[in-house]
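One structure is given below, encoded as structure tokens.
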Amino acid sequence: MSSHTRQQAYRITKLDREKRHGHRSFLLWFTGLSGSGKSTLANLVEQELYKRGISTYCLDGDNIRQGINKDLSFAPEDRAENIRRIAEVARLMIDAGILTLAAFVSPYREDRDKIKTIVGKNEVFEIYVNTSLEECERRDVKGLYKKARAGEIENMTGISAPYEAPLSADLEIVTDNQSVDVSVKKILDFILEKLKYNL
Ligand SMILES: Nc1ncnc2c1ncn2[C@@H]1O[C@H](COP(=O)(O)OS(=O)(=O)O)[C@@H](OP(=O)(O)O)[C@H]1O
Ligand SMILES: Nc1ncnc2c1ncn2[C@@H]1O[C@H](COP(=O)(O)OP(=O)(O)O)[C@@H](O)[C@H]1O
């Protein structure tokens with residue numbers, strides 16, 4: 001076989017890309033109520049990983065629901081499609097060797113289970129940002145809880161739509177009485193432990 005033919009036959013693999021980055025790639029899926037702290041924690045964790053030379057990317061409502069998924073509502077079937085598409089995007093990013101973080105309410109267990117099927121059960125770690133509804137309503141960063149209580153918006157998770165809490169998340173972060181810094185350190189320690197495994 002000529003060298004050109006051999007080159008054609010070979011395909012760059014996920015492992016090749018991970019070696020290029022110098023670390024494993026996998027998906028960290030943050031789930032929790034709106035206002036629970038998913039985006040805050042995911043973005044601060046990404047900053048700490050970046051400082052350590054890890055190639056990362058963070059998917060959240062801002063860059064997904066304003067773009068590729070702007071055609072989707074908050075009806076159950078649209079939330080399922082939202083999560084399915086995000087999982088497919090995350091699968092490609094992981095295959096590209098990028099440690100990927102995703103921060104989405106993702107309230108339905110069935111949808112979160114499908115992430116594992118799409119990405120691979122050993123390629124995703126579920127982080128449950130467990131903040132009480134009371135605390136989320138107290139924060140009400142976007143005023144959505146007030147609007148939901150007033151009947152101005154429908155299908156609001158926690159108010160007029162369910163949130164199915166994880167039964168066995170890989171890591172649970174209770175933020176009600178825990179500082180952002182402590183939460184970030186717990187998540188970072190969890191990730192660095194996973195990154196210790198050799199390529
Ligand atoms: N009805 C309703 N229910 C829940 N959340 C709502 C709703 N309408 C708008 N928002 C805002 O959209 C963000 C949630 O989008 P997600 O893509 O994470 O939701 S889901 O995973 O499809 O359930 C969520 O953003 P975060 O606060 O960052 O979670 C909300 O602020
Ligand atoms: N202990 C805490 N952990 C995380 N966020 C907190 C905490 N206390 C207050 N907050 C605030 O709660 C809000 C969480 O908003 P956000 O990160 O957008 O949540 P989500 O992405 O889950 O909707 C932020 O304004 C954050 O500063």
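As the structure lists them, so they are numbered: ligands from 1, and atoms in each ligand from 1. Keep in mind that this is a model prediction, so the values were computed, not measured.
Between D189 and K185 there is a salt bridge, with a side-chain nitrogen of the basic residue lying less than 4.0 Å from a carboxylate oxygen of the acidic one.
For residues 107-118, the pairs satisfying side-chain hydrogen bond (donor to acceptor under 3.5 Å, both in side chains) are R112-E126, with sequence neighbours left out. For residues 41-50, the set of pairs meeting the salt bridge (charged side-chain N to carboxylate O under 4.0 Å, His left out) definition, not counting sequence neighbours, comprises E48-K51, E48-R52.
The immediate protein surroundings of ligand 2, defined as residues with any heavy atom under 4.0 Å of it, consist of L33, S34, G35, S36, G37, K38, S39, T40, R139, V141, T175, Q178, V180.
The protein non-hydrogen atom at the shortest distance from atom 16 (P) of ligand 1 is R65 NE, 3.6 Å. When hydrogens are left out, the protein atom nearest atom 23 (O) of ligand 1 is R79 NH1, 2.8 Å; that is the closest non-hydrogen contact. Among all non-hydrogen protein atoms, the one lying nearest atom 18 (O) of ligand 1 is V105 N, 2.8 Å. Residue, atom and distance of the protein heavy atom nearest to atom 8 (N) of ligand 1 are F74 CE1, 3.4 Å.
A donor-acceptor pair under 3.5 Å is absent between the side-chain atoms of D95 and the main chain of L92, judged by distance alone. Distance alone, capped at 3.5 Å, is enough to place a donor-acceptor pair between the D140 side chain and the Y145 backbone.
The closest approach between A161 and ligand 1 stays at or above 4.0 Å for every heavy atom of the residue. In this structure, G61 falls outside the shell of residues with a heavy atom less than 4.0 angstrom from ligand 1.
At least one test fails for R79 against the ring of F104: distance under 6.0 Å to the centre or angle within 45° of the axis.
Annotation: salt bridge (Lys or Arg N to Asp or Glu O under 4.0 Å) contacts of E154 (sequence neighbours excluded): none.
Checking each of P166, P107, S36 against T31 for a side chain to side chain contact (heavy atoms under 4.5 Å, CB included) leaves exactly one that passes, namely P166.
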